[in-house]
Every structure is written in C-alpha cells, then in structure tokens.
There are 2 protein chains.
Amino acid sequence: MILLARLTIHPLGLRIEVHKGETILEAIGRSGVKLPSICGGKGLCGKCVIRVLKGDVSSPSRQELKLLGEKIRMGFRLACQTKILGDVEVEIPRESLKRVPRIVVEGLEAAVTFNPMVREVYVHVDKPGLTDLRADYRRLLDALKASIDVEAASRPNLRVIRKLPAVFRTSGWSIRVVYHTKLGILDVNPIDKEVGLYGLAVDIGTTKLAIYLVDLRTGKTETAKSMLNPQVRYGEDVISRISYASNPERTTVLQRAVIEGLNNLIEEACEYTEVDPQEIYEIVAVGNTVMHHILLGITPKTLGLAPFAPVVQDSIDLPASELGLRVNESANLHFLPVVAGFVGADAIADVIATRVYESKKPSMVIDVGTNTEIILNDGENLYACSCASGPAFEGARIRHGMRAAEGAIESIRIDSDGISYKVVGDVKPIGICGSGVVDAVSELLRVGVLSLDGRFRVSKMPSRFVKGSLGYEFVLAKPEETGVGEAITITQRDIREIQLAKSAIATGISLLMKEAGVELEELSAIYLAGSFGSYINPRSAVRIGLLPNVSLDKIKSVGNSAGAGAKMCLISQEERARARILAQRIRFVEFYLKPEFKKVFLENLNFPKAEELF
Amino acid sequence: MILLARLTIHPLGLRIEVHKGETILEAIGRSGVKLPSICGGKGLCGKCVIRVLKGDVSSPSRQELKLLGEKIRMGFRLACQTKILGDVEVEIPRESLKRVPRIVVEGLEAAVTFNPMVREVYVHVDKPGLTDLRADYRRLLDALKASIDVEAASRPNLRVIRKLPAVFRTSGWSIRVVYHTKLGILDVNPIDKEVGLYGLAVDIGTTKLAIYLVDLRTGKTETAKSMLNPQVRYGEDVISRISYASNPERTTVLQRAVIEGLNNLIEEACEYTEVDPQEIYEIVAVGNTVMHHILLGITPKTLGLAPFAPVVQDSIDLPASELGLRVNESANLHFLPVVAGFVGADAIADVIATRVYESKKPSMVIDVGTNTEIILNDGENLYACSCASGPAFEGARIRHGMRAAEGAIESIRIDSDGISYKVVGDVKPIGICGSGVVDAVSELLRVGVLSLDGRFRVSKMPSRFVKGSLGYEFVLAKPEETGVGEAITITQRDIREIQLAKSAIATGISLLMKEAGVELEELSAIYLAGSFGSYINPRSAVRIGLLPNVSLDKIKSVGNSAGAGAKMCLISQEERARARILAQRIRFVEFYLKPEFKKVFLENLNFPKAEELF
C-alpha cells in the first residue's frame, strides 16, 4: 500500500501529492520542477540543496553532514538524501530555482515633486585658530546654517560627531554633509570622496517582500528585488502569523525572519548595482498592519481580537539599525501610517500611487491578496474596508494551484471542440495560478458546465470530467499535455474556495458603496493593485462576480502600487505629508461584526446571471 | 645587591620603594597598608587579591590559577604569590581596602526650583470598541494631552509601544506614564505596580568618579558613591589620557573603562538603596572636556593640539543605553555643555552650584585638580581659564605623597621645639597628602627654612635634614613615628613641584583678573571647589602664593561643587537651561600661547614675601 502525503514547494506555491518514503528529489522531479543534480542522487555533488521548512523527513545522512555541516541546523538538506515521512513544506533556494515566481514589482507611479528627505550639502569651514576656538561640531552647524535652514540639526548624531574631527582635518575643512530634513546631519565625508546617496522603498507583503533601490540624487530606481517572505514557513496568511506570534519571543522570531529576508534583498540589490549598503540613508516601508507590527517588534495579538485595534497607527520614524537592517548606521526608517487593523500602510501607498483621492467622481482601489483592501472615493470622502478573501487567488487551497511562475496556466478558453490555455513561459503546464482559475470558472459558467450556485453539471461535458477521491474534477489539461504526468483539474472544492473568496471581496465592495451612497453606474474607475490584479482578465473577474458589473474600460491594472507609493514617499516629502493626511482622512468601515455582513456574503456566494452582465 | 623598583598602590595613590624579587604582599605590608591574609602568604586563603594595572611581575602560580581562574586575564592576582620584577602599579579592590580615600562627594548646593525633566503622570483611557477603533498608542497620547502639554511626545519610543498593549490590558486601562519633557514617554506601567522614579548625577573626574542617586519625586539624594576612575591605569592626568587615546580603538578602551566604573557605582548605589536600576530614567553628567569626549567615544586628540578646540561643546542628550550604562533602556543622559578644551562641564557645574554668576561684586571659583579651572565674575561678565597645575596637590610626584586617605599627614605645624602634625584617621602616618604639603611648605617659609626662591636653608634647622640620593630632605616625621619604618620627608624636588603647580594657578588667577580689569581689593569671594579645596588651610595657601592675598574670610570651601551642580541640573529644568546660557556667556581666555604667560609664570615661581601678606 502506498501512503500518500502532501509536498508544498516554495516559493512556487506548488502543492503535490507524494508517496511517503520517496526522496524529495524524486517527488520534486515528478512535479515538473527541475532541481540541479549532477551525481544522479548519490549525495555527492551537493547541488540539490533545499530547505525543509516544516514536516517529517528522514534524519541527515553522512554525506549531508559532510557537505552541509552547520547549515543542517537551519533546515538545509540534500533533496536526494531526504525521505518524505509526512506532509512536508520545502523551499528551493533562489539560486537553484529556474522557475522564479512572476512577482510584479513595477507599479504605476504618478508624477511627484522630487524632494527627498535626505540630500547632500557641501560645506566649507574656517579652521580653528586662537581667535576662533569654536568646537568642530558648532563650526559645522554654523556653516550649514549659512546655506540651509537647519532647525532640526540641533539633535546631534554622535556617530557624525565622532567622525567629524578626522574628516575635517583630512579634507582641508571642506566636506559633504548628508542632511535629513527631519533628523539633521546623518553623515559627513571628505569633499573628494565619491559617496552615493541612496534610499530604499520596501513593500512587506504577507507572501512576498519587494525592495526598490532608488538614487536619491536623481529619483531613479536602480533595481528592484523581491523574494518570498521568509515568515511563510510560520503560516501562510496574516491570521496564522498572528496566532503564531502568541508571545514576545515568537513575535521576535517572525521579526527576525522578515529582517533577514530584507537584508538578503539589500545585499542582492547592492551587489547588482555596485552600491555600498553604507550609501543607503533612508528607507520608506509599507505593509499591512500585521506586517507593520511584526517588523517593529510589536505584538500583533490585538489585531486578532475584536475590535482589531492596532497598537500604533501613525507613521513612525526609527533608526534602521535598531531593527538590524544592514544599511548606513544613521539611516532612518519611515513606516507609512496604517488606517486600521486590516487596512495597512500598503493601502495608503495604493491610494498615493493611483491618485484615487483626487478624483471628483467616485472611484476605488482594490488590492487583492490573502487579505483584500478596498478604498473608495465617493468624490469627496475616502472610505476603506478589508475582506478576508483568503489565499485562493494566490493559488493556495486550490488542488493544482500555484503562484504565477513558469508552468502555471494563466488563461483559459473553453470551446465546444476543446480547451486552449496559455502557460507562463510557454512550457508544459504544471499547475494553475489565480488568473487561470478565474478564467476557468468564468469559462465553465459561460459554457454552462457550472451552475450559478457553483455545482458542476457533469452531463454538459462528460468527457472532460474524471472522478477523484473527493468527487468530480474538470480536466483542464490531460496527463499527456502536462509536465507532471497527471491531469491538471479544477475540483468541486476549488469552486467552493473561489466562491468564498470572490464573495468576501464582492461583499466588501457592495457594502462600502452602500456606506458611501455610491451607485454602480456612478463608478468612474476601479484600480486593481497587486500581482493578481496585473494578470487577471477583467471580463472573467466581472463574469464570476469578483468585480462589480462596470464597463470593462473602467477597470485598470496598476501593478504593485504599494511599492510605487512607497517609492513616491521616498523621493518626495510632499507625498509623505500627503500619506499622513490621507491616513486621517480615510474612514475605516468595519463590516465583520455587523449582522448585515452575513446576509450579503451568503447572497454573493452565487455567481451572477449572464444576462445581468456586460 | 638589592635592586630597587617603585610600587604604586591605588586607589591610595601611595608610591613606595620596593625590592625587586619580593612579593607584592611583603611590599605592601611594609608600606603600612594592611591587606587581608589568613594563610600567612601560602596562596591558600585567597584573601590578598589585588589587581596588577601595569608593570612586570612573576607568572601566575598554580594556586592562583586554581583560586582566580578567568579573573587572572583581567589582571587579578594574589599579592602573596606575585613577585615584583620592575616598576609596578597595583589596585587594591575596594572590598579589601581598609584605608578608603577620603573623597569629598558632598558639595554646597544652592536652593533650586524642583522641576525635573522626568515626572510621572497617571492616565486612564477608554478601552477600544466598535465605535472607537483608535490605536493603543494614539489612545494614550490623546489621554495624556488632556492632562499635560505633550508636544514633544510625538517622537514615539518603540520600547513603550511594544510594552503598551499588555500594560493597558492587565491594568484595567489605567496606567502610570514616565514622561520626559523633552523626549516624551519613557515608560508605562500598570497603575498598581510600585515603580520608583530616580535620576543620577554623575561627576567624571580625571582621578575619581562620583555618582549621586536622587529620588526624582522628592529631589532627595538617596546615596552617593565614588571610586577611582579606572582610566587611571592608562595615565594619571588628562594629557597622558589624550596621548593614550591616539586611535579610535584606544579611545574605546578608555571609554569602556569609565563606563565599567560607572556601572559598578550604579550597581553599588542601587544595592545599597534597594532601588532597581530600571527605575533610573535620567542622568546628568559633568566632567572636564577630555573626560566628556572620552565618555561619548569622541577622540580627545584635538584637545592635545593647539588651539585645543573641542569636537563638540554644546550640551548633548543621548540614550544612556547607547553607552552601555545599565539603567532603564529608555533613560536619557544629558552631558552639560563644556566651555573650551580645558574648561569643561564640571566648571559650568561649579558656577551653577556656587552661584558665582549672580554676584554684583567680583568673585571667582577655583577648582584645583590636575588641571585647575578658574572662573571669574567681574560683576557683570564671566571669564574662564585653565591651568596645567599637575597632580602635585593630589599627592602625585611628591616623594611621600598620597591621596587624602587614612595615614596621610593632612596638616603640619613647625615650631622651634619640634614638629606637630595631624594624620587622617589618627594613626601613624604613612605619607602626606596635598593639604599637608601646602602646610609644610608654608611652615618652612614661616620659620625661614625655605628661601623665597624655593631653596632649603639647611643651616636653619640642621637636625631635621637628612641627605638622600637626590640631595637634602626635610624630615616631617621620623622613622620611629611612622607606619612605614622610614622617615616621611619633603625633598628639594617636592618643593620644585609645588612651585610649578602653585605658579600655574597663581598665573591663571592674575592673568584672568588682568583680562577682566579686576583689582585684588575688589574681590569679594574665592570659592574653592573639589576635595583639595575642602581640606586646604587657606592661610597656608595664601602664604605659599597659591591663592591671592585676600582677607581669609573671603575664601570659602564649597566641596564637590561639580557634583552638586550636576545634581541641581538633574532636579531642575531651570538650572539646566541656565547651564546652557552660562556656557555661552563665559568668555574663555587662552593664555598658554601668549608670550606674557611665560613671564608671569616665571615671576610666580617664587614664594611671596611675608610682609606682603595678611
């Protein structure tokens, strides 16, 4: 008898059925994902390194102890030596991974006044003499005051003071000052030393981290890097992170994980651009409220209990070094304000980047994720709500779901004579991502294989159905077409997951519009933020009732607008001030505890009638 | 043949001649200082622990390795096992020392408005609910604003924010806030938890450290503790400290030494008063400019080179934890401003404590030390200068000199029929301290044994002279009277040292008075600050020309006024503001580089004629 288990492969988000007792290399091989291996699975080449995040596996072999040493304690293993003993989650190191998830890092950026908090000022001072015994630091302040407005500089930075005497005396008393409008002098360097001036915009998502390295002299983004949020191993969504972080030590575990991830990205970005991390003086961070609290080492506990009040909501400045971020020791980290327990700084950044706040006609931003935030402008006031949409649109909890990486079915068309689909990277499919799932459901509805209440009508297309352990499955790709050797299907349970997810979002949209008194026909624009929003087919999204029934030209993908908004606040003091004002203007609406919510949610579980659409 | 070496015994400052090859226990025993020892020098009882600061000694014995272990690496040794191989400096641990130096920690304190920077505020907030979703921290700020003026509180303290949710939820939403006028909220605690509110005044002297633990609810000094500045092992005076701190690593060595010393004092003070170091929220520190720079980790190099400009002169606030001081992690350290490279924050504190600044008649403060600071008020303006008086008045560079500890001759009278003297602790003398030396010189002048140019007139009292290797020595105490088995004498070289020291100070006084246009008869008061100033006989000081020839009732000892001034600035915001204004008002006068200085200094080497005095 073959005992089955589940293997989850990060960062692809691919979940496959495996046999207990087989090695991780064998199992991953069957999934269609290629791991490097030269020695043929003998534990000699050391190429098939993976990291076990969770679950039961065999003890390390002698070869592993020899090749990996201390790294074994951090979960690193050789896939060819490690046998699966139960449900397991592994991570493929980025360097071994050919199929990198297609994470959208670019976002729509509106034009801003270029005016970063940090700038460079050249200063020349007279050297001390018998008639001028001023201290070095006062000498610097006096000279600085002569060229710029330096009220704030009265807060002295000891690192600068310690460095100052040598810098003055080796540079002929002419120096470059890195000056922060709010914090004063951050650094001093001799005038002839070429030192860059960089900033980071950081977007901390529940699933992914993205950083943007920006030249603060020009506003140009030098590079963008992203990776899976290392916290994923402690839980997929914010609720499971909150429950993991049940005490201060565990909050620290999550905090260290995200900081380690950010440090890796910083190192990668700096290597790529040949920028010295010491040249990074300012960081603007965004993220949902749970990510915000955890990064700052604040318990997210209160976010898991009604009424879900955050511990701190206003924007916060702190030394980046206090968190252990490896940038200049005097660098400042500014976390944008959050609106509420489930509407975070990322939503503020979405609002900034889309300029949704300035429209005189009703419009809204929807950032679809495990948690979906909706911000509505009724033409005058701003409203926000949050929907627990779950990870279905990111490919999780879907039988063959995966993130939008190479091998994922991203779009589908069903005709009477067959099914055609498009696969990321134009290879044989190994799974299906969010946009593919939405397309599939939409198509199944269109051809009548799915009823409006979400049940399969097997008789409409019997040849495409197979019966699995949990009932009928609709075959999207036959075993011979795929890279996994088995069919890629949509199960009845997948349909249910999609119904729950789309209803959560549709309910949020309709209740928020009702709260603001906005009618459907008044809506002038819907901005779709985030990776999912970038690839989704708007027609399919409307067909399944995920988005309201507006003319399709009103639906606009804006990419990673959270990252874009963070970058705008990095290079513009004006945008940063705007974020502060917006956080106070946005009216957060809490639906979950209202009786009305349940009723509307249940209604929205059904798919809309075709005649009501387009 | 017996080879001789010199043994310096800290914290007594006693220097004795010893035989190479003898043990430290034997040598110290002969000096009159008692070290505990039960086993009779066999290395068994482990009682005679000392610490070797400098010099050549024998390698650790097996008994030492067994009894002291790791501590050997820090210089700890058993005195009975350690042989002297060259000039050596040792420190006797405070707990083994019967003769503790008599360090003046009390100082004259003027009355101040009691208004510390840190205070406690009780706050009650409404708990969050569906209609009130404010974050915990905003809730706190709103409630705080209702009771006090909290502009500054906008700078959030992450430690407070991290602690806040639990404190709110375990205290029924009623809490105690520790609030700092300048920095905002430093701490939060449940209302029913008894937490003290303490501050420290810290006086960092070149030779000694003193701390004062003050209850910030009452202004009462709970205890004062002092010790030798552990930096002494790297050099006795500020010049040798500057030259030791020739690179950043060595500056750090000195910085760590003083911080370790302060942490020991804090621990001692807290144990004595049963105060938790976590209850210390504010520190005010004073010290000369070299001590100031080193504590803050700033190179003192510029202070050793003309024109001796400091790196920073204004008052500075920083987190005490940044220096590694073991008090509350949010505690603030405020270092009072310095005036110039050789007129430090201790001089400002002297001015504050003596109120010399408010006199309408000319008056001055003199803080005698290795470096002597003089501040003169001409009735309107304040002038300051500094004199390199050297350590002679602290007993160093004097043949039998020692600090004012038990066994030190502290006053002397010479009559035709003999010599009478007073010894600290009423025991047999083992040396002579600063006030004793001044008395001795004054008496020798009075009876005509010393000429005005500082030469012995042996024929005037031949029976009291002996001839040593460096010429004649005047015997103050005969061998049979002393606790060391040899005579305590004043040498011709000692007289020269005193001439140099007193001339430095007298020259500073006269040039400063000239600068301000103040005549001798106008002087209404001379405040003598510091330990030396407390014990000196004013008549003798005037006789030898150390102090100007004013009526003796105008000379006032004010004790450790630097410490007293620091304490005043700890408990009063008004005094702290005054320190800032005084630092700007005081006009520093630099004499050393003026040709005039040398001329006046040479004139002042002579002792004044008796008829010019009293």
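Just so it is clear: chains get the letters A, B, ... in the order the sequence lines come, proteins before strands, and each one is counted from 1. When reading the values below, keep in mind they use all heavy atoms of this one structure, side chains included, and skip hydrogens, waters and symmetry mates.
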For Ile316(B) and Ile161(A): C-alpha separation, side-chain torsions, deciding distance, then whether side-chain contact (heavy atoms from CB on, under 4.5 Å) applies. CA-CA 11 Å; Ile316(B) 197 162; Ile161(A) 294 175; 3.8 Å; yes
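The OG1 atom of Thr131(B) lies 12.0 Å from the CD atom of Glu590(A); values are rounded to the nearest 0.5 Å.
Note: Asp136(A) leads Asp136(A), Ile298(A), Thr302(A) in heavy-atom pairs under 4.5 Å with chain B. With respect to chain B, the highest number of heavy-atom pairs below 4.5 Å among Leu164(A), Leu140(A), Leu130(A), Thr299(A) belongs to Leu130(A). Interface summary for chain B: among Gly297(A), Ala166(A), Ala309(A), the most heavy-atom pairs under 4.5 angstrom belong to Gly297(A).
Within the 4.5 angstrom heavy-atom criterion, no atom of Phe168(A) approaches chain B. Of the atoms belonging to Leu133(B), heavy atoms from both backbone and side chain fall under 4.5 Å from chain A. For Leu303(A), no part lies under 4.5 angstrom from a heavy atom of chain B. No part of Phe308(B) comes within reach of chain A, as not one of its non-hydrogen atoms sits under 4.5 angstrom from that chain. Heavy-atom distances place no part of Leu305(B) under 4.5 Å from chain A, backbone and side chain included.
Within 6.0 Å of atom CZ in Arg250(B), more than 12 heavy atoms from other residues, nucleotides or ligands are found, so the atom counts as buried in its surroundings.
By a heavy-atom distance cut of under 4.5 Å, not one residue of residues 327-348 of chain B is near chain A.
Partner of Asp314(A) under the salt bridge (Lys or Arg N to Asp or Glu O under 4.0 Å) criterion, chosen from Arg138(B), Arg134(B), Arg139(B): Arg138(B).
In terms of the side chain to side chain contact (heavy atoms under 4.5 Å, CB included) criterion, residue partners of Asn189(A) (sequence neighbours excluded) are, by chain and number, Lys163(A), Asp187(A), Lys193(A), Val195(A), Tyr281(A).
A distance-only check finds a donor-acceptor pair linking the side chain of Arg162(A) to the backbone of Leu296(B) [under 3.5 Å].
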